[in-house]
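All values below come from the heavy atoms of this structure, side chains included, with hydrogens, waters and symmetry mates left out. Quick caveat, the model's predicted, so the values are computed rather than measured. Below, chains carry the letters A, B, ... as their sequence lines are ordered, and counting in each starts from 1.
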Amino acid sequence: GAGVSQSPSNKVTEKGKDVELRCDPISGHTALYWYRQSLGQGLEFLIYFQGNSAPDKSGLPSDRFSAERTGGSVSTLTIQRTQQEDSAVYLCASSLARGPPPYEQYFGPGTRLTVT
Amino acid sequence: AQSVSQHNHHVILSEAASLELGCNYSYGGTVNLFWYVQYPGQHLQLLLKYFSGDPLVKGIKGFEAEFIKSKFSFNLRKPSVQWSDTAEYFCAVNAYTGGFKTIFGAGTRLFVKA
């Protein structure tokens with residue numbers, strides 16, 4: 001079946017512009033995660049959605065970052081007034097979150113964001 | 001708060017050498033533990049996972065990991081590495097804290113010399 005897809009695969013933007021990154025999770029997966037992967041920094045947790053519960057936004061680095069998940073499926077991560085330090089690969093993952101754990105995450109290919 | 005520490009950031013081995021990558025986590029409750037791998041140019045994918053039962057977990061491609069609760073550790077091992085194991089390896093911890101947020105370690109880049 002189809003895996004997690006993300007778009008665009010690459011995005012180059014000028015400092016100060018807003019960007020939107022999209023994630024299509026695996027059908028039926030109720031949990032969705034966004035991470036940021038920078039060189040030498042590993043995977044930095046950004047935000048987590050689970051079903052209809054309020055999202056866990058504890059990893060968002062500033063109020064310029066926001067995310068939404070419409071209809072329990074597609075998610076959009078928005079970065080406003082981008083800065084050069086926002087340059088990274090943004091990864092989305094989805095998982096089941098019902099039934100017995102552990103809940104393996106399935107990752108998308110990522111969006112490489114470059115802020116010039 | 002949960003945290004995951006991977007001790008080695010870069011490891012270089014020759015083929016057939018044995019591998020052990022360290023992972024320690026901080027969380028006092030019940031945890032799910034994972035190792036994920038990212039081969040060059042590919043998505044992150046699951047290598048192995050632990051929730052309960054036998055603390056020695058076997059994964060794909062000959063990898064295994066041992067959960068030692070008293071040490072809060074989940075080290076990854078492979079008796080004999082191959083050139084194709086060159087990749088970045090991430091340890092991850094997932095615990096119920098009102099939701100199942102997963103925290104990843106910083107990753108270990110493994111390079112295996114042919």
same_hphob_cluster([X], [Y]) at 4.5 Å side-chain heavy-atom cutoff:
| X | Y | result |
| --- | --- | --- |
| B:V57 | B:V4 | yes |
| B:I60 | B:F51 | no |
| B:L44 | A:Y48 | yes |
| B:L47 | B:L13 | yes |
| A:L60 | A:V115 | yes |

Close contacts, residues 16-34 of chain A versus chain B, judged by heavy atoms under 4.5 Å: A:Y33
Flag yes if more than 12 heavy atoms outside [X] fall under 6.0 Å of its [atom1] atom; otherwise flag no.
| X | atom1 | value |
| --- | --- | --- |
| A:E85 | CD | yes |
| A:N52 | CG | no |
| B:L56 | CG | yes |

Over all atoms of both residues, closest heavy-atom pair of B:H43 and A:P109: NE2-CB, 3.4 Å
Listed once per pair and sorted, the side-chain hydrogen bond (donor to acceptor under 3.5 Å, both in side chains) pairs that draw on residues 107-116 of chain A, sequence neighbours left out: none
Counting only non-hydrogen atoms closer than 4.5 Å, does [X] touch chain B with its backbone (N, CA, C, O), its side chain (CB onward), both, or neither?
| X | result |
| --- | --- |
| A:Y35 | side chain |
| A:Q37 | side chain |
| A:S58 | side chain |

Any B:T102 side-chain heavy atom under 4.5 Å of A:Y103 side chain: no
Spatial distance of atom OG (A:S95) from atom CG (B:N94) [nearest 0.5 Å]: 7.5 Å
Under 4.5 Å from a heavy atom of chain A, the part of B:Q6 involved: neither
Donor-acceptor contact present, side-chain B:Y36 to main-chain A:F107, <3.5 Å: no
